[in-house]
Amino acid sequence: MKKTAFFLAILLCITLASCTGQKAKIYKTMEKIDVSAEYTAFHIMVTNLSDPTLYTEQYPEEYSALAEFGKEGVPYILSYTLETPLNSLNAAFFVFCCYDILGIDDWLIPEPLGNIEAHITALQEYIDSNE
């Protein structure tokens, strides 16, 4: 019994260390992304886009860097977006990446796309309900 408890404790420690490492990698990657640096007329229309992929397609390298983390990385991307003071274009890009990574082609809620927190909440609920 003690061996089993010890083994489970070791497994939990390894899992937590792995998750912490994944979070750090994702946050470090996100710190390097700034899609607002090349502001164009397209950016004025970001909050009116018909689907998430229209924004992620504009920045394929940045999207690929986040998509590499897969669906398991989405909660960390959402957490970073909530925790970090970002300009609206970067926050929207990160949220749109999450929609795309999760394979969601349409908006989950009718809220304006400028309401990033509402979309983050909807995505978190989607993840929770599909686990």
Side-chain angles (χ1 to χ4, degrees):
M1 183 71 163
K2 287 183 181 180
K3 287 183 181 180
T4 303
F6 179 73
F7 175 74
L8 290 175
I10 296 289
L11 185 61
L12 179 62
C13 288
I14 292 170
T15 302
L16 290 174
S18 173
C19 290
T20 303
Q22 180 80 339
K23 178 180 178 180
K25 285 181 188 176
I26 292 170
Y27 278 36
K28 189 172 185 174
T29 300
M30 293 178 75
E31 288 171 358
K32 296 177 186 175
I33 296 174
D34 182 6
V35 298
S36 68
E38 299 175 21
Y39 191 81
T40 66
F42 170 79
H43 291 94
I44 296 169
M45 300 305 295
V46 165
T47 58
N48 297 321
L49 296 176
S50 59
D51 72 78
T53 60
L54 294 176
Y55 198 23
T56 56
E57 288 172 357
Q58 298 294 316
Y59 303 97
E61 290 177 24
E62 291 83 351
Y63 171 73
S64 291
L66 293 177
E68 281 184 27
F69 297 108
K71 293 179 181 180
E72 298 79 21
V74 170
Y76 298 119
I77 296 169
L78 295 174
S79 293
Y80 179 89
T81 306
L82 275 177
E83 297 168 4
T84 309
L86 300 167
N87 69 48
S88 60
L89 294 174
N90 286 323
F93 177 75
F94 294 143
V95 169
F96 292 6
C97 286
C98 291
Y99 270 98
D100 208 352
I101 292 167
L102 293 171
I104 303 170
D105 297 332
D106 203 3
W107 308 115
L108 292 174
I109 56 173
E111 286 290 320
L113 300 177
N115 189 347
I116 296 300
E117 287 184 17
H119 284 275
I120 289 173
T121 300
L123 285 163
Q124 288 170 329
E125 290 172 359
Y126 175 86
I127 292 167
D128 291 343
S129 68
N130 288 298
E131 285 186 340

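These numbers come from a predicted model, not from an experiment.
Looking at heavy atoms from C-beta onward, Tyr80 lies in side-chain contact with Glu31 at the 4.5 angstrom threshold. Taking the side chain as every heavy atom from C-beta outward, Ile116 and Leu86 never approach each other to under 4.5 Å.
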Distance-only check: which donor-acceptor pairs under 3.5 Å involve side-chain atoms of residues 88-100, not counting sequence neighbours?
unit_1: Asn90; atom_1: OD1; unit_2: Val35; atom_2: N; d: 2.7
unit_1: Asn90; atom_1: ND2; unit_2: Asp34; atom_2: OD1; d: 2.9
unit_1: Tyr99; atom_1: OH; unit_2: Leu108; atom_2: N; d: 3.3
unit_1: Tyr99; atom_1: OH; unit_2: His119; atom_2: ND1; d: 2.7
unit_1: Asp100; atom_1: OD2; unit_2: Thr56; atom_2: OG1; d: 2.9

Next on the checklist: Quick one, Phe69 with Met30, criterion side chain to side chain contact (heavy atoms under 4.5 Å, CB included). Give me CA distance, side-chain angles, the key distance, then yes/no.
Outcome noted: CA-CA 12 Å; Phe69 297 108; Met30 293 178 75; over 6 Å; no
Next on the checklist: Working note: Val74 + Leu102, criterion side chain to side chain contact (heavy atoms under 4.5 Å, CB included); need CA distance, chi angles, decisive distance, verdict.
Outcome noted: CA-CA 8 Å; Val74 170; Leu102 293 171; 4.0 Å; yes
Item to check | Derivation and outcome, side chain to side chain contact (heavy atoms under 4.5 Å, CB included), residues Ile77 and Ile101 | outcome: CA-CA 11 Å; Ile77 296 169; Ile101 292 167; 4.0 Å; yes
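Partners of Glu57 according to the side chain to side chain contact (heavy atoms under 4.5 Å, CB included) rule, which considers only residues two or more places apart in sequence or in another chain, are Thr53, Leu54. Scanning for side chain to side chain contact (heavy atoms under 4.5 Å, CB included) contacts around Ala65 gives Thr29, with sequence neighbours left out. Glu61 pairs by the side chain to side chain contact (heavy atoms under 4.5 Å, CB included) definition with nothing, not counting sequence neighbours. For the side chain to side chain contact (heavy atoms under 4.5 Å, CB included) test, residues two or more places apart in sequence or in another chain that qualify with Glu117 are Leu82, Asn115.
In terms of modelled atom types and a separation under 3.5 Å, the side chain of Thr84 and the main chain of Thr81 share no donor-acceptor contact.
Within a 6.0 Å radius of CG in Asp105, no more than 12 heavy atoms belonging to other residues, nucleotides or ligands are found.
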